[in-house]
2 protein chains.
Amino acid sequence: MTTRDHALLRIAVDLVILTVREGALQTLVVIRGNKPFAGQFALPGGFVRAGEGLDDAAVRELAEETGLDGGSLHLEQFAVYGEPDRDPRGRVVSVAYLAIMPDLPVPTAGSDASGAAWVPVSKIHGSLAFDHDRILTDAVERARRRLELTTLATAFCPAEFTIGDLRSVYEVVWGESLDPRNFSRKVINTEKFIEPTGAKRIPPTGRPAALYRAGGATTLNPPIMRNRSR
Amino acid sequence: MTTRDHALLRIAVDLVILTVREGALQTLVVIRGNKPFAGQFALPGGFVRAGEGLDDAAVRELAEETGLDGGSLHLEQFAVYGEPDRDPRGRVVSVAYLAIMPDLPVPTAGSDASGAAWVPVSKIHGSLAFDHDRILTDAVERARRRLELTTLATAFCPAEFTIGDLRSVYEVVWGESLDPRNFSRKVINTEKFIEPTGAKRIPPTGRPAALYRAGGATTLNPPIMRNRSR
DNA sequence: TAGCTTGGTGTTGTTATGACATAAACTCCA
DNA sequence: TGGAGTTTATGTCATAACAACACCAAGCTA
């Protein structure tokens with residue numbers, strides 16, 4: 001083989017942006033304007049520019065697609081997809097990022113995407129362009145496991161949230177219901193997971209709920225494990 | 001920006017091959033024969049070839065460096081390193097793989113590497129070429145966490161091993177000692193983690209130990225958590 | 001003020017865990 | 001042949017974590 005037999009290729013970042021909306025785990029997808037797969041749904045993303053770092057590219061794409069500051073929310077590289085034939089345009093290796101955000105009114109006034117929309121993960125599954133179905137599946141599994149061991153759940157919540165909000169995140173992402181009372185105790189007894197703000201939120205009906213903000217911790221000790229037996 | 005402003009680059013795989021040797025966690029390093037960093041230690045790896053998948057490239061490099069069949073041992077992609085200036089030769093994005101193997105007499109009759117050697121992780125730390133120190137650190141941390149939640153520890157062991165062997169893996173990788181009796185109970189009570197072969201190993205002195213092989217499980221339920229408080 | 005709804009705390013029986021004690025199996029050697 | 005020494009395997013027990021469930025608290029509405 002010659003020295004020139006090295007793979008010369010382009011590298012891209014793809015974003016799996018997850019949030020909890022309307023009681024469902026949803027992801028942001030774009031409708032592709034160009035070939036290939038024109039008109040079909042795909043994950044937001046794009047090519048890494050010359051001289052640009054991977055994380056920088058992910059932050060930039062996130063800003064372009066959602067108008068949000070990528071530095072302020074959870075953004076985490078989680079896998080690479082590099083099958084030679086995964087992109088019909090040629091060799092493209094894609095670095096996949098997992099982004100978590102609260103349910104904000106996203107402008108999605110993006111430029112690249114001809115349209116961006118939130119869709120429930122359970123609905124979109126099986127109809128994405130390229131190998132994005134697999135990327136999405138991997139991302140969701142990653143997020144589910146991350147809830148067990150890290151404070152990732154707070155990234156789904158706004159700055160102030162109730163324990164019920166936090167529990168709802170777990171229930172929606174895991175797809176199983178949790179005991180509210182035991183959940184409260186676990187969360188409160190975990191050091192630095194959440195800290196009270198002192199304020200309360202008054203619901204249309206029922207007792208007011210204390211508000212909390214995310215604590216300093218990133219890892220959960222002890223972990224909050226889902227029930228794998230069921 | 002123009003369409004041609006996309007990063008055109010080469011992609012490489014780097015391997016962190018871990019084993020437990022002589023009571024220490026060791027990794028395989030090569031001495032670089034070419035510039036840059038000639039004569040310095042580095043992780044084994046190389047460029048991905050045209051038309052070659054990432055996992056395929058990792059398996060190939062593993063075979064070249066160690067003479068071992070990559071398909072038969074644990075090989076897992078764990079991170080991507082793509083800072084624009086991480087390689088003085090130009091833009092190189094590296095996909096890092098974590099390989100785990102038992103303490104076999106490795107031929108290391110490689111072709112690329114002018115020399116390959118096992119070195120304790122604690123010794124080599126801080127003296128590797130490129131950004132390989134960081135890659136190694138990330139890999140070790142990954143392996144440590146994987147021991148908690150998966151059956152990765154069996155990958156450090158030969159086909160047949162005792163519970164003491166398995167415990168030793170945990171102790172060496174985690175750097176802390178575990179209670180043999182409680183460890184036994186946990187391991188045996190975990191479904192499909194290990195299964196007895198029926199045979200025994202007779203040590204030079206002491207009671208023979210029952211031999212086990214790896215069970216079918218890949219995830220550990222419940223997990224075996226290290227003591228984070230200490 | 002009764003009734004509804006949601007949030008938060010107690011109680012209890014069961015299971016997992018950590019610390020430590022003891023028995024079992026083998027070799028060596030007197 | 002029968003300890004002594006060494007390593008593996010199993011047992012015990014107090015405590016901690018946990019799931020399931022009862023109950024109380026705090027707001028609103030009627």
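Being a predicted model, the structure only gives us computed values, none of them experimental. Naming: A, B, ... by sequence-line order, numbering from 1 per chain.
- Between the CG atom of N221(B) and the CD atom of E191(B) there is a distance of 9.5 Å, given to the nearest 0.5 Å.
- Under the 3.5 Å distance criterion, with hydrogens and angles disregarded, a donor-acceptor pair is assigned to the side chains of D55(B) and Y97(B).
- We find that CG of L211(B) is positioned 15 Å from C1' of dA25(C), with the value rounded to whole Å.
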**Request:** Tell me, with the steps shown, if E141(B) and R226(B) meet salt bridge (charged side-chain N to carboxylate O under 4.0 Å, His left out).
**Result:** CA-CA 13 Å; E141(B) 181 50 34; R226(B) 59 188 145 159; 3.2 Å; yes
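- Using a 4.0 Å heavy-atom criterion, one finds that P180(A) contacts no nucleic acid atom at all.
- Between the side chain of R207(A) and the base of dG27(D) there is no donor-acceptor pair of N/O atoms closer than 3.5 Å.
- Atom CZ of R185(A) is separated from atom C1' of dC21(D) by 11 Å (rounded to the nearest Å).
- Atoms CZ (R181(A)) and P (dA20(D)) sit 10 Å apart, rounded to a whole Å.
- Distance CG (D179(B)) to P (dA21(C)): 12 Å, rounded to an integer number of Å.
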**Candidate pair D165(B) and S168(B), rule side-chain hydrogen bond (donor to acceptor under 3.5 Å, both in side chains), full reasoning** = CA-CA 5 Å; D165(B) 294 338; S168(B) 172; over 6 Å; no
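- The CZ-C1' distance, from F183(A) to dG7(C), rounds to 14 Å in whole Å.
- Separating the CE atom of M225(B) from the C1' atom of dG18(C) is a distance of 16 Å, rounded to the nearest angstrom.
- Across all strands, P208(B) comes closer than 4.0 Å only to sugar-phosphate atoms, never to a base (heavy-atom distances).
- Considering only the side chain of A210(B), dA9(D) comes nearest among dA9(D), dC20(C), dA20(D).
- Residue-level contact check: K186(A) touches the backbone only, with heavy atoms under 4.0 Å from sugar-phosphate atoms and none from bases.
- E191(B) places its CD atom 12 Å from the P atom of dA16(C), with the value rounded to the nearest Å.
- Atom CG in N182(A) sits roughly 11 Å away from atom C1' in dG10(C) (whole-Å rounding).
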